[in-house]
Amino acid sequence: MTRALCLGWLTCAMVLAQSGPQSRPPAVPDHVLYWFLFDHISTQDRLAAARAAAGQQADEIKNYYQKTIGLSAADFQPLHDISIGCQVVVAAQDAAAARVIKSFRAQLTAAKPGSPLPSPPPVLDTMQQQRNNSVLNCMDQLKQRLTPAGLLKVDTYVHQQLSRNVSTQKPAASVRATGTAPVKPRSHEPRNLGDK
């Protein structure tokens, strides 16, 4: 019994040693966190406008982030305007990327099972960098237009509150690891024994 426990512990220790230290997931880049803030503010703005158009109370939705972050009206207005502008620019970039992705997916769909997959279009890397730069530019605008106290409040909110709900995730490795199109599953329909 003792020998079995020792072997079990030794095996466990070896597995842990081979897997290395347990690491935390990588930190989410600032531009991703700020994009979520900009997108949320833009979404709140659209929801508030829809409620107002329907004759319903919309102030609570429209002012949610101003109150939650604790910003003055003078600091919230530039945050609001930059968020709306950023969402418009990034939405156009996302639409362009979606067209490239749709075309690439059509190539994948046409691939024969087990055949080598084409590489993703390199233009997607360029488009992602342009998208990231757009958000970084909006972050720079915040630095120029908000008071230092307002900017500190926004940054604190982003890193202490918003970051709790955002994590990074690795892309699915199944296709990337094999480099071939997935094999279609066999049909589970009964076969006639005479069929070969």
Side-chain angles (χ1 to χ4, degrees), residues 7-47 50 82-141 158-159 161-196:
L7 284 175
W9 181 86
L10 185 59
T11 302
C12 209
M14 288 172 51
V15 169
L16 288 175
Q18 289 174 356
S19 67
Q22 300 300 315
S23 61
R24 293 176 32 195
V28 178
D30 279 356
H31 70 275
V32 173
L33 294 173
Y34 272 87
W35 165 246
F36 276 99
L37 177 65
F38 296 152
D39 188 52
H40 287 187
I41 291 172
S42 180
T43 300
Q44 294 289 90
D45 189 66
R46 286 192 306 275
L47 290 172
I82 290 167
S83 297
I84 302 299
C86 192
Q87 199 283 329
V88 168
V89 169
V90 170
Q93 292 170 325
D94 287 349
R99 289 188 294 274
V100 173
I101 292 167
K102 183 178 180 181
S103 173
F104 180 66
R105 283 185 177 160
Q107 291 176 2
L108 293 178
T109 304
K112 294 180 180 178
S115 65
L117 290 176
S119 296
V123 71
L124 287 175
D125 290 332
T126 303
M127 295 174 97
Q128 181 64 52
Q129 190 57 52
Q130 290 170 344
R131 185 185 197 278
N132 295 349
N133 288 339
S134 294
V135 177
L136 290 168
N137 288 337
C138 292
M139 290 169 62
D140 286 341
Q141 290 176 38
V158 165
H159 288 100
Q161 300 297 317
L162 191 62
S163 66
R164 293 180 191 175
N165 301 316
V166 180
S167 64
T168 58
Q169 194 174 45
K170 291 184 180 181
S174 60
V175 172
R176 291 179 185 251
T178 62
T180 60
V183 178
K184 292 182 182 176
R186 290 186 184 184
S187 171
H188 288 38
E189 296 174 9
R191 254 183 0 136
N192 185 339
L193 291 177
D195 294 342
K196 300 253 176 176

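All of these numbers come straight from a predicted model, not from anything done at the bench. Values below: every heavy atom of this structure, side chains too, minus hydrogens, waters and symmetry copies.
Scored by the side-chain contact (heavy atoms from CB on, under 4.5 Å) test, His40 finds Phe36, Tyr65, Leu162 as partners (sequence neighbours excluded). Ser163 meets the side-chain hydrogen bond (donor to acceptor under 3.5 Å, both in side chains) test with no other residue; sequence neighbours excluded. Pro118 pairs by the side-chain contact (heavy atoms from CB on, under 4.5 Å) definition with Phe104, Gln107, Leu108, not counting sequence neighbours.
Smallest separation of non-hydrogen atoms from Ala97 and Leu124: O-CD2, 4.2 Å. Closest approach of Phe38 and Cys86 over heavy atoms only: CD1-SG, 3.7 Å.
Residue pairs meeting the side chain to side chain donor-acceptor pair (under 3.5 Å) criterion with at least one partner in residues 94-104, sequence neighbours excluded, are Asp94-Arg131. Judged as a salt bridge (charged side-chain N to carboxylate O under 4.0 Å, His left out), not a single pair has a partner in residues 116-126 (not counting sequence neighbours).
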Stepwise side chain to side chain donor-acceptor pair (under 3.5 Å) test for Thr109 and Arg105:
CA-CA 6 Å; Thr109 304; Arg105 283 185 177 160; over 6 Å; no
I'd like a table of donor-acceptor pairs (distance under 3.5 Å, sequence neighbours excluded) in which one partner is a side-chain atom from residues 132-140, with atom names and distances.
residue	atom	partner	partner atom	Å
Asn132	OD1	His31	NE2	3.3
Asn132	OD1	Gln128	NE2	2.8
Asn133	OD1	Gln129	NE2	3.2
Asn133	ND2	Gln129	O	3.3
Ser134	OG	Gln93	OE1	3.2
Ser134	OG	Gln93	NE2	2.9
Ser134	OG	Gln130	O	3.1
Asn137	ND2	Asn133	O	3.3

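A side-chain contact (heavy atoms from CB on, under 4.5 Å) with Thr43 is found for one member of Ile41, Asp39, Asp45 and no other, namely Asp39.
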